[in-house]
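I have placed the structure first, in the form of structure tokens, so that the comments after it can refer back to it.
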There are 2 protein chains.
Amino acid sequence: MRQAEELCEDQGAALTPLRRDVYELLLRHDRPVGAYELLDELKSLRPKAAPVTVYRALDFLLDLGLVHRVNALNAFSACRGHETDHRGLVLICRSCKATVELEDRKVDNTIRRSAAELGFETGDGPVEVLGTCAGCRG
Amino acid sequence: MRQAEELCEDQGAALTPLRRDVYELLLRHDRPVGAYELLDELKSLRPKAAPVTVYRALDFLLDLGLVHRVNALNAFSACRGHETDHRGLVLICRSCKATVELEDRKVDNTIRRSAAELGFETGDGPVEVLGTCAGCRG
DNA sequence: CACTAAATGTAATGTTATTACATAATATAT
DNA sequence: ATATATTATGTAATAACATTACATTTAGTG
Ligand SMILES: [Zn+2]
Ligand SMILES: [Zn+2]
Ligand SMILES: [Zn+2]
Ligand SMILES: [Zn+2]
């Protein structure tokens with residue numbers, strides 16, 4: 001949270017109470033959370049909240065890199081343990097939906113180089129990798 | 001198409017006229033196509049088609065590995081130029097939504113090894129990488 | 001032919017995300 | 001301080017994507 005405040009300060013971005021609430025809700029989870037699930041939780045704090053309320057706050061947080069969108073799950077997770085503008089991996093278990101985020105320069109470099117050969121410039125944010133976690137095997 | 005027929009033959013899977021229609025529609029595009037866009041096209045061939053018609057055919061094709069789902073775009077594309085059960089990359093331009101699929105053993109190995117260190121076993125299907133294509137830069 | 005399993009038809013509904021416009025709060029300039 | 005512009009939030013409706021449930025048809029099997 002402190003880091004988020006500093007980041008917003010630096011960037012001249014307004015971390016309003018509403019945006020802070022959404023961010024804090026995400027921080028409470030150790031897994032990606034759907035926007036409507038988040039909305040349910042937010043409503044207990046802010047009865048007026050509507051879908052667009054959540055999506056707007058998420059957009060703000062996504063732009064800052066404080067939050068990631070996990071396309072494979074249509075869900076959002078607070079970024080942890082990395083610098084903003086990082087390019088790592090997020091491993092997603094097909095079975096239990098658990099995710100792990102990790103930084104990996106080697107993977108990042110390999111991908112970036114392959115993409116560059118085709119004139120393609122990779123963006124930021126982690127790459128999603130689907131598979132099966134240790135727990136969900138035998 | 002010929003390859004698809006052989007694959008179905010081998011697997012004892014029924015490539016019905018409907019499923020073939022959906023697959024052929026996908027083959028006509030060189031980009032991922034949304035299910036409802038596909039539905040519109042399918043309707044000109046089969047007026048009775050409904051959303052579930054398309055999704056069922058897509059599930060069939062996905063299981064065989066003939067088609068990929070692109071999570072970043074909520075869309076589907078026919079797999080080209082690779083073996084089934086391959087693990088490559090699909091580069092997706094954030095700006096124009098164009099995609100390129102490529103095989104890359106190095107990237108695949110690097111990812112798989114990193115994931116394995118955490119007891120995570122990567123699945124099949126290409127990894128999605130977002131970025132900017134050559135055309136969309138300057 | 002009778003039976004079964006697989007595929008498709010049909011309708012409704014669930015889930016995720018966006019658009020449009022009104023109101024309120026905040027910053028900037030005079 | 002007041003007027004103005006900008007940014008943020010409220011409110012309602014709708015769009016876009018996907019699934020469920022059950023009826024009917026078609027294709028395979030004995
Ligand atoms: Zn992160
Ligand atoms: Zn798992
Ligand atoms: Zn492929
Ligand atoms: Zn492009």
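Within every chain, numbering begins at 1; the chains are lettered A, B, ... in the order of the sequence lines, protein sequences first and strands thereafter.
Spacing between atom CG of A:L39 and atom P of D:dT11 amounts to 13 Å, rounded to whole angstrom units. Look at CG on B:L58: it is 13 Å from P on D:dC17, rounded to the nearest Å. Put simply, CG on A:D59 is 15 Å from C1' on D:dT7, counting in whole angstrom units. Atom C1' of nucleotide D:dC17 and atom CG of B:L62 are separated by 15 Å, given to the nearest angstrom. Separating the CZ atom of B:R20 from the P atom of C:dA7 is a distance of 15 Å, rounded to the nearest angstrom. One can place CZ of B:F60 at 11 Å from C1' of C:dA6, the figure rounded to the nearest angstrom. Put simply, CG on B:D40 is 13 Å from C1' on D:dC17, counting in whole angstrom units. Whole-Å rounding puts the A:E37 CD to C:dT16 C1' distance at 13 Å.
The nucleotide whose nearest atom lies closest to any side-chain atom of B:K48 is, among C:dT19, C:dG9, C:dA17, C:dG9. Closest approach to the A:Y55 side chain among C:dA7, C:dT16, D:dC17 is made by C:dT16 (side chain taken as heavy atoms from C-beta onward). The nucleotide whose nearest atom lies closest to any side-chain atom of B:L18 is, among D:dA8, D:dT19, C:dG9, C:dG9. If you check C:dA17, D:dT19, D:dT9 against the side chain of A:F76, the one that comes closest is C:dA17.
Between B:R28 and B:E41, none of the side-chain N atoms (NZ, or NE/NH1/NH2) sits under 4.0 Å from a carboxylate O, so this pair counts as no salt bridge. B:R112 has no carboxylate O lying under 4.0 Å from a charged side-chain N of B:E121, or vice versa, which leaves the two without a salt bridge. Ion pairing between B:K106 and A:E117 fails under the 4.0 Å rule for side-chain N and carboxylate O. A salt bridge links B:R31 and B:E37; the closest N-O separation between the charged side-chain nitrogens and carboxylate oxygens is under 4.0 Å.
DNA chain C is contacted by both A:A35 and B:Y36; B:Y36 maps to the nucleotide lying nearer its 5′ end (nearest heavy atom per residue). Both A:P17 and B:G34 lie near DNA chain D, and the one whose nearest nucleotide falls closer to the 5' end is A:P17. Across the interface with DNA chain C, nearest-nucleotide mapping of A:A75 and B:T53 shows B:T53 to be the residue nearer the 5′ end.
A donor N or O paired with an acceptor N or O is found under 3.5 Å between the base of C:dG9 and the side-chain atoms of B:R56.
Distances shown here put a side-chain N or O of A:R69 below 4.0 Å from the OP1 or OP2 atom of C:dA17. For B:R19, a side-chain nitrogen or oxygen approaches OP1 or OP2 of C:dT8 to under 4.0 Å.
The residue B:A49 sits apart from the nucleic acid: no heavy atom pair falls under 4.0 Å.
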Discussion item. side-chain hydrogen bond (donor to acceptor under 3.5 Å, both in side chains), that's the test. Do A:T122 and A:R87 meet it? Break it down for me.
Written reply: CA-CA 9 Å; A:T122 63; A:R87 306 170 179 199; 3.1 Å; yes
